[in-house]
Amino acid sequence: MTINDLSPKEIKSAKELLAASHPHANITWARGDMHSIVFGRKFDLVSGNSFLHHFHNVPEVLCRLATLLR
């Protein structure tokens with residue numbers, strides 16, 4: 001699982017929550033803007049919760065997310 005966020009504070013909070021509930025989860029943390037971050041791999045699934053309103057170009061990000069899928 002790869003978890004991405006632009007905010008170091010949000011990543012820190014997510015790490016704390018997941019460490020408490022799933023201490024052995026295999027998680028890669030990626031901090032960066034979905035408009036430009038490079039993952040260097042493809043994914044089976046891309047999921048998000050209440051995040052689209054954060055993007056200045058939603059159609060561009062949706063297309064970008066589609067390119068990250070296998």
Side-chain angles (χ1 to χ4, degrees):
M1 176 186 309
T2 300
I3 296 178
N4 164 257
D5 202 292
L6 183 59
S7 166
K9 183 178 177 181
E10 292 296 328
I11 288 180
K12 181 179 182 288
S13 179
K15 282 181 177 182
E16 291 169 359
L17 287 169
L18 288 168
S21 61
H22 297 83
H24 303 294
N26 183 14
I27 300 172
T28 301
W29 299 92
R31 190 177 77 77
D33 186 335
M34 281 306 298
H35 288 96
S36 58
I37 191 171
V38 175
F39 289 101
R41 60 174 290 207
K42 299 283 186 175
F43 298 92
D44 295 322
L45 172 73
V46 175
S47 176
N49 182 39
S50 187
F51 67 99
L52 290 178
H53 63 278
H54 292 286
F55 299 114
H56 62 267
N57 188 335
V58 172
E60 178 182 295
V61 168
L62 291 176
C63 287
R64 177 110 201 303
L65 292 174
T67 69
L68 293 173
L69 295 170
R70 284 178 206 210

* Heavy-atom check, side chain of H35 versus side chain of H56, under 4.5 Å -> yes

* Over 12 non-hydrogen atoms of neighbours within 6.0 angstrom of NE2 in H53 -> yes

* Does L45 belong to the same Ile/Leu/Val/Met/Phe/Trp/Tyr cluster as L65, with side-chain heavy atoms less than 4.5 Å apart forming each link? -> no

* Spacing of CZ belonging to F39 relative to OG1 belonging to T2, to within rounding of 0.5 Å -> 7.0 Å

* Structure fact -> Here the salt bridge (charged side-chain N to carboxylate O under 4.0 Å, His left out) pairs for residues 40-63, sequence neighbours left out, are D44-R70

* So do I37 and R64 actually touch side chain to side chain, heavy atoms under 4.5 Å? -> yes

* Donor-acceptor pair, side chain of N4 and main chain of A30, under 3.5 angstrom -> yes

* Structure fact -> Value for CD1 (I27) from CD1 (I11), rounded to nearest 0.5 Å, stands at 11.5 Å

* To do: Measure from the side-chain N and O atoms of R31 to the backbone N and O of D5, and report whether any donor-acceptor pair falls under 3.5 Å.
  => no

* To do: With sequence neighbours left out, write down each residue that passes salt bridge (charged side-chain N to carboxylate O under 4.0 Å, His left out) with K15, or none if nothing qualifies.
  => none

* To do: Answer with yes or no whether the hydrophobic clustering places F51 together with L18; edges join I, L, V, M, F, W, Y residues whose side-chain heavy atoms lie under 4.5 Å apart.
  => no

* Asked: Rounded to the nearest 0.5 Å, how far apart are CG of L62 and CG of N57?
  -> 9.0 Å

